[in-house]
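Numbers for residues simply follow the sequence, beginning at 1.
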Amino acid sequence: QAEGISDLRAAHLTGRVRKSLREGELTVGLASKILHHVAQEPWSTRQEIQNDLRVSAAEVRRALAFLLEQGLLCQAQQGESYAVSDRPEI
């Protein structure tokens with residue numbers, strides 16, 4: 001009520017937050033695997049990472065976005081290939 005939204009909308013948003021929290025642990029675990037993979041195979045493509053780790057495209061995209069946001073990976077200017085960042089943003 002304080003936010004001016006309906007109970008149904010609040011319940012929907014609460015469900016989305018809970019889902020994100022559950023997926024967060026999985027995303028961080030996958031991000032660790034991807035970081036290790038890319039350290040071994042610099043400039044791996046998203047498709048190569050997805051195939052080698054045998055995970056869905058959505059999961060890989062979410063983990064890559066996390067790693068890019070954290071400054072742990074850098075992305076090639078052309079295409080979807082990634083390498084470990086030499087200057088992480090800490």
(message) If you compare all heavy atoms of L68 against all heavy atoms of Q75, which two are closest, and at what distance to 0.1 Å?
(response) CD1-OE1, 3.8 Å

(request) Starting at CG of L35, measure out to CD of Q40 and round the result to the nearest 0.5 Å. (result) 10.5 Å

(request) Check I49 against S44 and note the closest heavy-atom contact, atom names and distance. (result) CG1-CB, 3.9 Å

(request) Evaluate the side-chain contact (heavy atoms from CB on, under 4.5 Å) criterion for residues R61 and R46: first the C-alpha distance (whole Å), next the side-chain angles of each, then the deciding distance (0.1 Å), finally the verdict. (result) CA-CA 8 Å; R61 283 188 179 101; R46 184 198 46 80; 3.4 Å; yes

(request) Nearest 0.5 Å please: distance from the CG atom of L67 over to the CZ atom of R62. (result) 12.5 Å

(message) Return the CG to NZ distance between D52 and K33, rounded to the nearest 0.5 Å.
(response) 13.0 Å

(request) Please round to the nearest 0.5 Å and tell me the distance separating atom OH of Y82 and atom CD1 of I34. (result) 9.0 Å

(message) Nearest 0.5 Å, please: how far is CG in D7 from OG1 in T14?
(response) 10.0 Å

(request) Kindly give the heavy-atom pair with the smallest separation between E59 and V55, and that separation in Å. (result) OE1-CB, 3.6 Å

(message) Can you give me the closest heavy-atom contact between Q78 and S81, atom names plus distance?
(response) O-OG, 4.4 Å

